[in-house]
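Every chain is numbered from 1, with letters handed out A, B, ... down the list of sequences.
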Amino acid sequence: MNYDFWEIEKKWQDYWATHKTFRASNLSDQPKYYVLDMFPYPSGAGLHVGHPLGYIASDIVARYKRHLGFNVLHPQGYDSFGLPAEQYAIQTGQHPSKTTTTNINRYRQQLDQMGFSFDWDREVRTSNPDYYRWTQWIFIKLFDAYYDIDEDKALPVSKLIERFEKEGNFSVNAHCGKDTPLFDSNQWSTFDADEKQRILLFYRLTYLSETQVNWCPALGTVLANDEIVNGVSERGGHPVIKKKMRQWSMRIGAYANRLLKGLEDLDWSDSLKEIQRNWIGKSVGASIYFKLEKYPEKLEVFTTRPDTIFGVTYMTLAPEHDLVKLITTNEQQKAVSEYIEQISGKSDRERQADVKSITGVFTGAYALHPFTGNLIPIWIGEYVLSSYGTGAVMAVPAGDQRDFDFANHFKLPIINIFEGIDISEGAFTEKGNVKLTRSEFLNGLDVKTAVEKVIVELESKSCGKGAVNFRLRDAIFSRQRYWGEPIPIYFKGEIPVPLRQEHLPLKLPEVEKYLPTEDGKPPLGNAKEWAWDEMNEQVVSIDLIDNKSVFPLELNTMPGWAGSSWYFNRYMDANNENEWVGSSALEYWKEVDLYMGGSEHATGHLLYSRFWQKFLFDLGYTNKEEYAKKLVNQGMILGNSAFVYRKKGTQTFLSKGLIKGEDVEPIHVDVSLVNHHDELDVAAVKKWQKDFDQAEFVLEKGKYIVGREVEKMSKSKYNVVNPDAICETYGADTLRMYEMFLGPIEQDKPWNTAGISGVHNFLKKFWRLFYQQGQWIVKHEDPDAESLKILHQTIKKITDDIERLSFNTCVSTFMICINELTTLKCSSKSILEPILILLSPFAPHFCEELWQQLGNTKSIEFEPFPIFDPTKVTEETKEYPVSFNGKMRFTLKLSLDLGVEQIKELVMQEQRTLDQIKGATPKKIIVVPGKIINIVI
RNA sequence: GCUCGAGUGGUGGAAUUGGUAGACACGUUGGACUUAAAAUCCAAUGGCCAUUGCGGCCGUGCGGGUUCAAGUCCCGCCUCGAGUACCA
């Protein structure tokens, strides 16, 4: 019986499925281990070889931990709400749920064929009402909460109301909208119910407000900041413009500080933590309130350099700043409105494209300097962003390059406040080793001292205070889409009212069309049954809306990240119908021990999910403030695209070696039409696409050689390699081991099938240790010392390498082990069995089969992992040269398995030791096997 | 621009705390078995010199430094990749 992987893999996949081998119990005395993959969005294209990379790695860890006696939770599911299914629905009229189900089935089939040890009884789908019911429940919890700055946590809104009734909101220190009115307890009691609700909306963690949003006309929806890359939409690459809309937002900004601090204790990669830190973008400085010359309003700015206050020569407002309208003088009215007109016509991309050109206009108004009382002209400038800080800056040309450029461009004055520094060529932006001048009470101080002093002064004059500012913006939560979670809210006039928990899930209604309505409402505006009957507590027809007992439901849906922000908790108790997660399940599983996934989610999913977890923690629904202790980012597997070269304007294609000096354009061809010597199958190309029908291929040395380039795997680049084909040719175990062998798990790497035969040969070679010339040859004989040594070296290396997730070196270790055992013709059962256990996380089907062939009846999965015995790898006593600080002194006969202390002892006993060494204690003894002992003194 | 990471044979990569650089695999070359092929096995494979022998010298992007010892640590460059981008 040869290594028939096809038969074997099918057999064991069936076995695992029918025996539910990988079902995890919530009631167990064993220690728990939770290994999680980022669940996939089931796209129509299916999985390519890049997707399983992380799944294979996490599966190895899951299986390894089972061998160690852990009760392992290793679940999988689908992030099944999303844009592609919806766009397919728009084109074909097919309900997105149908497309989604089809795709999920295909994904499941592909996942199964790779032999993953998932507990499928815990599968979740974010588009399943049993699941999104709890997503909606969390939304309502957020709606019912506010962030109390004094307690530094979220609290129920009922607590806030109590305080308003007692003391109004003067002393309430909470995150809220910037236009929140102030009132005392008496005023609060005079407000009617609607007014109270309007005020509470300023405080809620999920709130409705009129905000500048990123509107993508092509997708017909709003996008969050992390969904925009280089000024265009992440999906589809469509342009994005700014627009004011009334939208649901999530007050993630309230958690900025905790999200930042929480990173410190996480075992995540430094680069990923750095990305999150940058995204949160904490700046420490001061808020300064400038009085206006002619109005009672104050102009608030944020600055990281309050010490440069005496260098302020003008102010700049963002074109969208609220004060612009008020303060612009009649003379400047025309110029200002023309300027704003011109700016608002630009898309984000255009704005980004020309950051170098300096634009701006004078408002005609003046502010007063808080210390000198001098008049400071107020300008509008495009370089000031409305979305950062207060949307206004105090301009210090001497200390900021942009202010400097702006001042020069518009001939505004520049005051040099740095002693002995030449600023004729540019601003001085360094913070160290400089003293201030022309700065009254700050003269002669360095930056740090001046900052402290000026803040004290500002506070004493109540025209400023020390302040911290974050780049992180509140997250827009509304999407004008069909295929997402409905927001469980109905409207009494302007006032949003949440559904109660017992009315959830609020199921997605049926619609005829998935496009926005003709009057520009989101797709849910097409639904006929989409109104809430308050009396009968049910969804009813929109025709019944009377705004007395039947009210319209919210038409927006939730964004893609809603469902993925808490799914890791749901896996702990996936089938619970009464709670989001049962408390005993939470108590047992606690948090994710290892989370595996791509770093592309650094500023999206991985930030939002931490935010929700912290919120749920605040309200006591979970006792873990961070849900993923350790996170590993698997690298991306890139495609190795193939190109043919067409002579411009012809149907002639030149082989790669012939293109020099020719005017050619490279065209992608399907990588499956090229062999691994880069030779193109010309006949196949002609059949592949009509365009190549009449093409003429110019060969070199009788062959057409393609060009190669490493790119992201994508359908449109014809460089996608499908795992199904690999499984068919080499088997899943080979694929698993090969993907691990390609390189370090965290590294990006191009897919290249060339080396796969090495791994496949390894499995065949291992098989031959058991089976040769038509018979099984494993014997129950005592192992020889040499084989035992190899076994124990292997155990040591594999254990260490799995622990540090170095799977590529594991594969090498197995290869060395089997090569050596083959040389020794080792066929001892007591050697081969432990090796099978070591290997089984990598090649599970293969190992199960041989395990069974050795006469075992139970699955190999829960066999205890072999234990390393150092006595089995003992070196013989040999003659070793001994050197001190690199200089050879004498030779010594000893065994290297002696401890360092014992070697020390022997060395010190030596008579030949030189005077300088006598009595000295060696700092370090370096033993290089077979070569030398070096003693550092 | 700023922040972070990386640079090792023809290729992917190994070297865990500063201690035999290039493990393992691919590829290439030669050989065995075979009528032949496939499959399998063996040998060589960083560069230069010597190759009748031992061997010798150089070598981890570049230039310095610390150390008995540097791919690894320090300083200064170069190149590539990622994140971010008028962040006040």
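- Atom-to-atom distance recorded for A:Arg473:CZ and A:Thr211:OG1 is 11.5 Å, nearest 0.5 angstrom.
- In this structure, A:Gly389 and A:Val759 both approach RNA chain B, and ranking their closest nucleotides by distance from the 5' end singles out A:Val759.
- The base-pairing partner of B:rG18, taking Watson-Crick or G-U wobble contacts with both distances under 3.5 Å, does not exist among the strands shown.
- Candidate nucleotides B:rA14, B:rG83, B:rC24 were compared by shortest atom distance to the side chain of A:Ile275, and B:rG83 ranks first.
- The residue among A:Val811 and A:Gly281 whose nearest nucleotide of RNA chain B lies closer to the 5′ end is A:Val811.
- Here B:rA14 is the nucleotide among B:rA14, B:rC87, B:rU16 with the atom lying nearest to any side-chain atom of A:Pro744.
- For A:Met815, taking side-chain heavy atoms from C-beta onward, the closest of the listed nucleotides B:rA25, B:rG13, B:rC41 is B:rA25.
- Here, B:rC73 and B:rG18 have their C1' atoms 7 Å apart, quoted to the whole Å.
- Considering only the side chain of A:Thr304, B:rA88 comes nearest among B:rG83, B:rA88, B:rA23.
- Nearest nucleotide to the A:Arg471 side chain, out of B:rA23, B:rU84, B:rU3: B:rU84.
- To the nearest 0.5 Å, the span separating OG1 on A:Thr822 from CZ on A:Phe766 amounts to 9.0 Å.
- Residue A:Gln747 places at least one side-chain N or O under 4.0 Å from the OP1 or OP2 atom of B:rG13.
- Under a cutoff of 6.0 Å and an axis angle of 45°, A:Lys796 and A:Phe868 form a cation-pi pair.
- As a whole-Å value, the separation of A:Met740 CE from B:rC24 P is 21 Å.
- Nearest to the side chain of A:Asn761, among B:rG83, B:rU40, B:rU16, sits B:rU40.
- The partner of B:rU45, taking Watson-Crick or G-U wobble pairs whose two distances both stay under 3.5 Å, is B:rG27.
- When the nucleotides B:rA25, B:rA39, B:rA88 are ranked by their closest atom to the side chain of A:Lys764, B:rA39 comes out on top.
- Listed nucleotides: B:rC4, B:rC24, B:rC87. Nearest to the side chain of A:Tyr388: B:rC87.
- B:rG61 and B:rG9: their C1' atoms are spaced 15 Å apart (whole Å).
- Listed nucleotides: B:rG13, B:rC24, B:rC26. Nearest to the side chain of A:Ser757: B:rC26.
- Pair check for B:rU52 finds none; no Watson-Crick or G-U wobble contact set falls under 3.5 Å.
- Dashed line: the shortest gap from a side-chain N or O of A:Asn752 to OP1 or OP2 of B:rU11 is not under 4.0 Å.
- Under the Watson-Crick or G-U wobble criterion, with both distances below 3.5 Å, B:rG1 is paired with B:rU84.
- Both distances falling under 3.5 Å, in either a Watson-Crick or a G-U wobble arrangement, place B:rC77 opposite B:rG61.
- As a whole-Å value, the separation of A:Phe741 CZ from B:rU11 C1' is 12 Å.
- With its glycosidic angle more than 90° from 0, B:rG12 adopts the anti conformation.
- Comparing the P positions of B:rG31 and B:rA37 gives a spacing of 12 Å, expressed to the nearest Å.
- Side-chain atoms of A:Thr809 lie closest to B:rA15 of the nucleotides B:rA15, B:rU84, B:rA88.
- When the C1' atom is used for both B:rC41 and B:rC54, the distance is 31 Å, rounded to whole Å.
- In this structure, A:Asn808 atom CG and B:rC26 atom C1' are separated by 15 Å, rounded to whole Å.
- One can place CG of A:Asp270 at 22 Å from P of B:rG81, the figure rounded to the nearest angstrom.
- Computed from coordinates, the A:Leu607 CG to B:rU84 P distance equals 12 Å when rounded to whole Å.
- Both distances falling under 3.5 Å, in either a Watson-Crick or a G-U wobble arrangement, place B:rU40 opposite B:rA32.
- For the P atom pair drawn from B:rA39 and B:rU16, the interatomic distance equals 36 Å after rounding to whole Å.
- Aromatic ring pairs are classed by plane angle as parallel below 30°, tilted from 30° to 60° and perpendicular above 60°; the pair A:Trp751 and A:Tyr738 is perpendicular.
- Across the C1' atoms, B:rA21 and B:rU72 are found 11 Å apart, a figure rounded to whole Å.
- The CZ atom of A:Phe807 sits 17 Å away from the C1' atom of B:rA14 (whole-angstrom rounding).
- Contact check, A:Ser599 against B:rG83: no side-chain N or O comes under 4.0 Å of OP1 or OP2.
- Rounded to whole angstrom, the span from the CD atom of A:Glu746 across to the P atom of B:rC4 amounts to 18 Å.
- Both the sub-6.0 Å distance and the 45° axial angle are not jointly satisfied by A:Arg277 relative to the ring of A:Trp268.
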